[in-house]
> 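First the structure, then my questions, so here it is.
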Protein chains: 2
Amino acid sequence: MTTNKAGIRERRRHRGDNRVTIQDVAKQAGVAPITVSRVLNTPEKVSVKLRERVDHAVQALGYVPNLIAGGLASAGTRVIPVVVPSLSILTFIEVIHGIQETLEAAGYQVLLGSTDFDLDREAALMDSVLGYSPSGVILTGLQHRESAVRRLKAWGRPVVEIMELGDTCIDMCVGVQNAEAGACMANHLLERGYRRIAFLGAGMARDYRARQRFEGHRETLKSAGVECDLLFQCEEPSSYDAGRNVFLEALEKCPDLEAMHFANDNLAAGAIMEANRQGIRIPGDLAIGGYLGLSLGEHLSPRLTTVTVPRYEMGVEAARLLLARLEGRSSLSDQVDIGYELTVREST
Amino acid sequence: MTTNKAGIRERRRHRGDNRVTIQDVAKQAGVAPITVSRVLNTPEKVSVKLRERVDHAVQALGYVPNLIAGGLASAGTRVIPVVVPSLSILTFIEVIHGIQETLEAAGYQVLLGSTDFDLDREAALMDSVLGYSPSGVILTGLQHRESAVRRLKAWGRPVVEIMELGDTCIDMCVGVQNAEAGACMANHLLERGYRRIAFLGAGMARDYRARQRFEGHRETLKSAGVECDLLFQCEEPSSYDAGRNVFLEALEKCPDLEAMHFANDNLAAGAIMEANRQGIRIPGDLAIGGYLGLSLGEHLSPRLTTVTVPRYEMGVEAARLLLARLEGRSSLSDQVDIGYELTVREST
DNA sequence: CTGTTAGCGCCTTCAT
DNA sequence: ATGAAGGCGCTAACAG
């Protein structure tokens with residue numbers, strides 16, 4: 001035997017890292033480390049007297065808890081990975097914003113991940129972030145690799161899926177009925193009397209939620225007896241540019257169109273701005289509808305008719321569901337339909 | 001004495017968490033845990049034979065390393081907190097995007113934090129995220145609470161400040177010379193022959209970088225002998241709405257303005273769209289200049305003249321600086337001026 | 001190249 | 001209400 005614990009001397013720490021530890025605080029306050037821990041985590045279990053002494057020491061030494069150590073010991077680091085398809089799409093940003101503000105206020109941190117719409121990357125990312133012993137996870141959509149779903153289900157901590165609704169959700173979800181939303185705009189266009197209606201999208205090969213909206217749109221036209229199954233799209237992701245491009249393409253191939261239903265407001269905005277340039281009158285010559293409810297839509301001329309989805313609120317709600325579970329409160333429901341609203345403005 | 005280590009039996013783990021551990025893999029492969037660790041982290045230090053056996057076991061068991069444990073043991077968690085003032089400002093989002101893609105590709109994760117432009121919140125956030133033993137930190141601007149600066153300097157790991165340039169930077173920084181950029185647009189307006197020029201901003205009380213641009217603008221006018229010190233602003237943060245509002249206010253108070261220099265493209269866009277609505281001709285009746293280079297600017301009528309700042313690239317560069325340091329490569333410089341470019345379009 | 005030993009800093013369990 | 005002991009899962013340091 002070399003040294004028993006009594007003999008272990010004030011070893012200089014492994015590494016140069018000389019941060020103040022709970023031990024230092026304990027010594028300073030003349031208590032055991034566990035007491036410091038209690039003062040920090042469950043103050044009600046410590047007498048006022050000790051609590052004050054410890055608080056003092058914490059202040060004096062500038063102690064900041066090592067959350068990694070805490071996480072290892074208690075299996076759970078107040079970190080919530082949020083995994084979205086892309087950070088260049090405003091929608092996800094707005095949802096993340098809602099999530100982040102809500103979680104941060106509750107003392108949790110958001111770990112950001114993006115998958116570029118690739119389910120394999122998503123699965124790999126899941127594996128990697130679960131290595132951080134997060135308290136919960138938020139991911140996008142209901143479609144995932146089988147392996148990821150299995151792992152997440154076995155994991156046993158709260159999981160929230162956003163943007164979509166359905167019974168196949170892993171644990172909880174917050175989103176909208178995409179097909180319904182698509183049908184909603186289609187209906188509106190029909191009610192306005194338009195018949196030659198096209199759906200225009202971008203990057204739909206990867207964005208299956210846009211495809212769901214298209215399906216809703218198509219079904220609606222069909223049930224209305226309108227023989228119009230026009231779809232224009234481009235490969236590239238959504239942008240004003242992409243919007244202009246599909247707009248021009250549709251116009252060329254189908255000059256007699258009466259209305260265009262865009263997969264989102266970015267595209268619709270690009271189209272309206274190009275229409276202005278070309279002197280095409282909206283909605284006189286052509287009606288334009290969007291999806292999302294970006295603030296830009298209110299400022300365009302004409303103002304954009306759209307299906308507004310409360311993105312920020314969706315994020316807030318997702319975070320709330322997660323927090324409810326983490327704090328042991330049971331939420332009213334595990335699936336919340338955040339809804340959408342037809343915002344009729346000038347462009348239709 | 002109760003049990004020495006030989007006697008410690010296959011205790012069921014503390015908690016329900018029955019994830020596969022490095023021990024399980026080691027047992028399965030018939031090696032010591034450290035060998036598994038080496039195969040995963042420094043494979044070149046392990047013989048091919050053992051490496052294969054271990055890889056096999058990892059696969060078979062579906063082992064995913066616990067990064068928290070690894071982080072505790074090696075003091076460093078491949079997490080990089082990125083702290084920005086706001087997630088509702090597109091600029092920061094674009095920078096974060098660049099950071100995130102670059103770091104994720106290198107196996108690091110971004111931990112998101114926002115301060116709402118409050119330096120106290122920033123300092124508190126710093127404390128809290130440093131608790132995750134991050135590998136490095138990225139924060140916004142050069143102005144921070146004294147306490148935060150001290151802690152970060154003592155911390156000894158790479159710190160990158162973005163959006164701004166200056167000698168007072170904590171460690172490394174990537175950004176633009178805001179005053180110069182402001183001067184650049186002012187000069188352009190002067191060259192175009194405009195003399196009654198106003199600067200218009202939003203939320204400038206909090207956004208001191210916008211104030212720096214205004215200073216650059218003001219100095220430029222002054223040196224040119226133009227007696228025109230007009231500043232219009234509103235409290236609320238930047239948005240199309242805010243842009244429209246200050247635009248209208250300026251127009252009312254100062255109907256003879258020849259040019260407006262907006263603190264950013266969001267405001268400028270709001271102004272242009274309102275001008276279109278009111279039939280005010282740009283640049284015939286009034287010239288408008290912006291700052292940032294948002295893609296929206298290219299689509300407006302008229303197209304927006306602006307000072308373009310490569311935001312995404314700034315993020316990429318910030319991440320690169322950090323990675324260079326982390327991987328022991330020395331970067332060419334600790335301060336990189338990402339530059340800006342005057343993009344002359346139709347609005348001036 | 002491989003293994004042994006001893007923590008990383010905190011918290012859980014159990015005793016007092 | 002407080003403390004002692006031990007472990008969370010992994011890796012640095014030091015043998016061999």
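Every value quoted in this text rests on a predicted model; they were computed, and no experiment measured them.
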> Just to confirm, is there a sub-4.0 Å distance from OP1 or OP2 of D:dC10 to any side-chain nitrogen or oxygen of B:Tyr63?
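Answer is yes, contact under 4.0 Å.
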
> What's touching nucleotides 1-4 of chain C from the protein side, N or O pairs under 3.5 Å?
| unit_1 | atom_1 | unit_2 | atom_2 | d |
| --- | --- | --- | --- | --- |
| C:dT2 | OP1 | B:Ser47 | OG | 2.5 |
| C:dT2 | OP2 | B:Ser47 | N | 2.7 |
| C:dT2 | OP2 | B:Ser47 | OG | 3.3 |
| C:dG3 | OP2 | B:Ala32 | N | 3.3 |
| C:dG3 | OP2 | B:Thr35 | OG1 | 2.6 |
| C:dG3 | N7 | B:Arg38 | NH1 | 3.3 |
| C:dG3 | O6 | B:Arg38 | NH2 | 2.7 |

> When you look at B:Leu87 and B:Ile96, which way does the side-chain contact (heavy atoms from CB on, under 4.5 Å) test go after all the steps?
CA-CA 10 Å; B:Leu87 289 180; B:Ile96 290 174; 3.8 Å; yes

> Taking it one step at a time, do A:Arg325 and A:Asp334 satisfy side-chain contact (heavy atoms from CB on, under 4.5 Å)?
CA-CA 10 Å; A:Arg325 191 68 77 68; A:Asp334 283 352; 3.8 Å; yes

> Between atom CG in B:Asn41 and atom P in D:dA12, what is the gap in whole Å?
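That distance rounds to 8 Å.
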
> Distance check needed: D:dC10 P versus B:Leu67 CG, whole Å only.
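For the pair B:Leu67 CG and D:dC10 P, the rounded distance is 9 Å.
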
> Quick one: B:Gln23 CD to D:dT11 P, roughly how many Å, whole number?
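It is 12 Å, rounded to the nearest whole Å.
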
> Under 4.0 Å between a side-chain N/O of B:Ser37 and OP1 or OP2 of D:dT11, yes or no?
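Answer is yes, contact under 4.0 Å.
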
> Rounded to the nearest angstrom, tell me the gap between atom CG in B:Leu40 and atom C1' in D:dA12.
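The answer, rounded to whole Å, is 17 Å.
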
> Which pairs with one or both residues in residues 45-65 of chain B pass salt bridge (Lys or Arg N to Asp or Glu O under 4.0 Å), sequence neighbours excluded?
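Those involving residues 45-65 of chain B do not exist here.
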
> Using the test ring-ring contact (aromatic ring centres under 6.0 Å, His included), find all partners of B:Tyr312 that sit at least two apart in sequence or belong to another chain.
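If we apply the ring-ring contact (aromatic ring centres under 6.0 Å, His included) test to B:Tyr312, skipping adjacent residues, the hits are B:His97.
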
> Using whole Å, what does the distance between atom P of nucleotide D:dA1 and atom CD of A:Glu52 come to?
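Result: 16 Å.
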
> Hey, is B:Asp127 close enough to B:Arg145 for a salt bridge, meaning N to O under 4.0 Å?
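No, this pair does not count.
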
> ring-ring contact (aromatic ring centres under 6.0 Å, His included) with A:Phe92: which residues, sequence neighbours excluded?
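Not a single residue meets the ring-ring contact (aromatic ring centres under 6.0 Å, His included) criterion with A:Phe92.
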
> Please list all pairs meeting ring-ring contact (aromatic ring centres under 6.0 Å, His included) that have one or both residues in residues 107-137 of chain A, counting only residues at least two apart or in different chains.
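Sorted pair list comes back empty.
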
> Roughly, in whole Å, what's the span from NZ in B:Lys27 to P in D:dG9?
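Taking NZ of B:Lys27 and P of D:dG9, I get 12 Å after rounding.
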
> Quick one: pull up CG in A:Leu139 and CE in A:Met126 and give me the separation to the nearest 0.5 Å.
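Those atoms lie 5.0 Å apart.
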
> Work out how much the helix from C:dC1-D:dG16 to C:dT16-D:dA1 bends between its end axes, five pairs an end, to the nearest 10 degrees.
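Taking five pairs per end, the axes differ by 30°.
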
> Take atom CG of A:Leu72 and atom P of C:dC11, then tell me their distance rounded to the nearest Å.
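For the pair A:Leu72 CG and C:dC11 P, the rounded distance is 11 Å.
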
> May I ask you to decide whether A:Arg206 forms a salt bridge with A:Asp116, counting only side-chain N to carboxylate O separations under 4.0 Å?
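Counted as a salt bridge, because a side-chain N and a carboxylate O are separated by less than 4.0 Å.
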
> Output the rounded distance in Å from CZ (B:Arg19) to P (D:dG9).
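Whole-Å distance recorded here is 9 Å.
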
